[in-house]
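This chain uses plain numbering: 1 for the first residue, then up along the sequence.
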Amino acid sequence: MTARLEFRRELTTSPTPAERRREILANPGFGKFFTDHMITARWTPERGWHDAVLRPYGSFSLDPATAVFHYAQEIFEGLKAYRHSDGSIWTFRPDVNAARFQRSARRMALPELPVEDFVGALDLLIQTDQDWVPSGGEKSLYLRPFMFASEPFLGVRPAQDVTFAVIASPAASYFAAGVKPVSIWLSEEYTRAAVGGTGAAKCGGNYAASLLAQQEAIENGCDQVVFLDAVERRWVEELGGMNIYFVYDNGLIVTPELTGTILEGVTRAAILELAADLGYKVDERRVDINEWRQGVATGRITEVFACGTAAVVTPVGQLKWRGGQLTIGKGECGPVTARLRQQLLDIQYGRADDTHGWLHRVC
């Protein structure tokens, strides 16, 4: 896969001192520190994608009338680079993220970036800042490609000047003290997306729309929020930033089907295939909130977990709503959840055979 864009290289003259970088990598947290460089490229109708450059990490200078500030025409992606035991660095299914980035761009009336240029931009940034890829435990380098309307114009129409960028941030394990089941608040007042809306696109507006419900979850002692469909208010869709799975007592694993209102997660798709590889029956279908409640009460649903790039696989220990709550299983990480999580991590970190060809070697 060869990028079409030619990336100009402008290396920083003041890289982070090695000692300071080691301090950061020892305890990076998530999204708090950034590598020495970034990628930017520009699109206009006349020239297409151009001015692609690897440059020192730094601020954008944007006019107050820049369209993204007013109409939220933007999209983003999230994926990780993993250092294997031999020191090599790999990404996980970056072509799938690239394809989703194109679908999101299409929905948000933004120009589509070719898959090879998306992957090429990631590779260049990782190769340049490879010393920032941590090792040990579940540490990784989190990559954030994004695109936004950068034209200074207040008319309501698709922007004629667009910027693509990639930044990178070292990340620790999402669970610093080990895998801990999360509690979920059922949002009955707010919805995340509606049919015909932007639910299947990875755009910031979807996340902004989830924040008030997430705040409500925290106020009710929960870690995350789960949304129902916007029409009947009965079908389970997804969390604020993760897909959800249900494990049944007969070995069946179910995740809500993609209806155009649910983000098609890369981790979600991988788990569908991994579960089948491990001998589980898998199904994508609609799940009624009452099926969840009754299934847990009767013991038919034995485990629930959420999944996404940041947390990989997260066990759900409790569901709360106004007037009630329930505990799934013993409120702990179940064996199926643990097995799937470990299998996925083993592939990502090179400890298990990648029979699906999901890993992409960067350097």
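Side-chain contact of T267 with N243: a donor-acceptor pair under 3.5 Å is absent, judged by distance alone. Checking D36 against T16 by side-chain atom types alone, a donor-acceptor pair falls below 3.5 Å. A donor-acceptor contact closer than 3.5 angstrom links the side chains of S88 and D86. Checked by atom type, the side-chain pair S183/D223 shows a donor-acceptor distance below 3.5 Å. Side-chain contact annotation: R157 with Y71, donor-acceptor N/O pair under 3.5 Å absent. Between the side chains of E237 and T261, at least one donor N or O sits under 3.5 Å from an acceptor N or O.
Listed here is the closest heavy atom pair of R4 and P114: NH1-CG, 3.9 Å. Considering every non-hydrogen atom in both V304 and I328, the closest pair reads N-CG2, 3.9 Å. Taking each heavy atom of G240 and F227 in turn, the nearest pair found is CA-CE1, 3.9 Å. Of all heavy-atom pairs between A275 and I253, the closest is CB-CD1, 3.9 Å. Heavy-atom minimum distance, S210 versus V225: O-CG1, 4.5 Å. The two residues P181 and G331 have their closest heavy-atom pair at CG-O, 3.3 Å.
Side-chain contact between M108 and E74 is absent, with no heavy atoms from C-beta onward closer than 4.5 Å. Using a 4.5 Å heavy-atom threshold, the side chains of I24 and P170 count as touching. Side-chain contact between L186 and I289 is present, with at least one heavy-atom pair separated by less than 4.5 Å. Looking at heavy atoms from C-beta onward, E216 lies out of side-chain contact with L212 at the 4.5 angstrom threshold. For the pair V362 and P94, the minimum side-chain heavy-atom distance is 4.5 Å or more. When side chains are defined from C-beta on, T191 does not count as touching L228, because their heavy atoms never get closer than 4.5 Å. Between V266 and R100 the shortest side-chain heavy-atom distance falls below 4.5 Å. In this structure the side chain of F33 reaches within 4.5 angstrom of the side chain of R20, judged on heavy atoms.
Between R21 and E19 there is no salt bridge, since none of the side-chain N atoms of the basic residue sits less than 4.0 Å from a carboxylate O of the acidic one. The existence of a salt bridge linking R106 and E112 is confirmed by a sub-4.0 Å separation between a basic side-chain nitrogen and an acidic carboxylate oxygen. Using a cutoff of 4.0 Å between basic side-chain nitrogens and carboxylate oxygens, R285 and E291 are scored as salt-bridged. E188 has no carboxylate O lying under 4.0 Å from a charged side-chain N of R322, or vice versa, which leaves the two without a salt bridge.
Of the inter-residue distances, the one linking Y82 atom OH with Q348 atom CD reads 3.5 Å to the nearest 0.5 angstrom. I184 contributes atom CD1, which lies 10.0 Å from atom CD of Q318 (distance to the nearest 0.5 angstrom). Here W235 contributes atom CH2 and N290 contributes atom CG; the two are 10.0 Å apart, rounded to the nearest 0.5 Å. In this structure, CD on Q215 lies 11.0 Å from CG on N220, to the nearest 0.5 angstrom. Here the CG atom belonging to L125 is positioned 8.5 Å from the NE2 atom belonging to H37, to the nearest 0.5 angstrom. Here the straight-line distance linking atom OG1 of T66 with atom CZ of F153 works out to 13.0 Å at 0.5 Å rounding.
One N or O on the side chain of N206 and one on the backbone of A201 form a donor-acceptor pair closer than 3.5 Å. Here the side chain of R107 pairs a donor or acceptor atom with the backbone of G197 at under 3.5 angstrom. When atom types are taken as modelled, the side chain of Q130 and the backbone of Q127 share a donor-acceptor pair closer than 3.5 angstrom. Judged by distance alone, the side chain of Q73 and the main-chain N or O of A159 form a donor-acceptor pair under 3.5 Å. Between the K202 side chain and the G265 main chain, no donor and acceptor come within less than 3.5 Å of each other. Side-chain N or O atoms of R286 include none that pairs as donor or acceptor with a backbone N or O of P256 at under 3.5 Å. Between the Q102 side chain and the L113 main chain, a donor and an acceptor come within less than 3.5 Å of each other. With H70 contributing its side chain and P64 its backbone, the two residues share a donor-acceptor pair below 3.5 Å. Between the side chain of Q224 and the backbone N or O of L239, no donor-acceptor pair lies under 3.5 Å. Within the 3.5 Å criterion, the main-chain N or O of R268 finds a donor-acceptor partner in the side chain of Y245.
Listed by first and then second residue, the side-chain hydrogen bond (donor to acceptor under 3.5 Å, both in side chains) pairs involving residues 301-310 are E303-T337 (not counting sequence neighbours). Sorted by first and then second residue, the pairs that involve residues 224-234 and meet salt bridge (Lys or Arg N to Asp or Glu O under 4.0 Å), not counting sequence neighbours, are E232-R234, R234-D288.
Under a hydrophobic clustering in which Ile, Leu, Val, Met, Phe, Trp and Tyr are joined whenever their side-chain heavy atoms come within less than 4.5 Å, directly or via other members, V236 and L326 fall into the same cluster. Cluster annotation: Y280 is connected to F305 through the hydrophobic network of ILVMFWY side chains, with a link wherever side-chain heavy atoms come within less than 4.5 Å. There is no path of hydrophobic side-chain contacts, each under 4.5 Å, that joins F118 to Y142. Cluster annotation: M147 and V115 are assigned to the same hydrophobic cluster (Ile/Leu/Val/Met/Phe/Trp/Tyr, side-chain heavy-atom contacts under 4.5 Å, transitive). Linking Ile, Leu, Val, Met, Phe, Trp and Tyr whenever their side-chain heavy atoms come within less than 4.5 Å puts W49 and I75 in one cluster.
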side-chain contact (heavy atoms from CB on, under 4.5 Å) assessment of V254 paired with E284: CA-CA 6 Å; V254 176; E284 297 178 79; over 6 Å; no

Working for side-chain contact (heavy atoms from CB on, under 4.5 Å), residues L359 and T91: CA-CA 6 Å; L359 293 177; T91 50; over 6 Å; no

Test log, rule side-chain contact (heavy atoms from CB on, under 4.5 Å), inputs L25 and D131: CA-CA 10 Å; L25 295 185; D131 288 344; over 6 Å; no

Worked verdict on R103 versus E264 for side-chain contact (heavy atoms from CB on, under 4.5 Å): CA-CA 10 Å; R103 294 194 299 272; E264 187 176 354; 3.4 Å; yes

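For F246 and W292, the ring centers are positioned less than 6.0 Å apart. Ring centroids of W358 and F92 are separated by less than 6.0 Å, placing the two rings close together. Outside the 6.0 Å centre-distance limit, the rings of W90 and H360 are not counted as a close aromatic pair.
Counting heavy atoms of neighbouring residues, nucleotides and ligands inside a 6.0 Å radius, atom CG of D353 does not exceed 12 of them.
A cation-pi contact, defined as under 6.0 Å to the ring centre and within 45° of the axis, links R293 to W321.
Applying the salt bridge (charged side-chain N to carboxylate O under 4.0 Å, His left out) test between E138 and each of R351, R341, K80 identifies R341 as the sole match.
With a 4.5 Å cut-off between side-chain heavy atoms of Ile, Leu, Val, Met, Phe, Trp and Tyr, the cluster of F60 takes in F34, M38, Y57, L62, V68, F69, F76, F146, F148, I167, Y207, L263.
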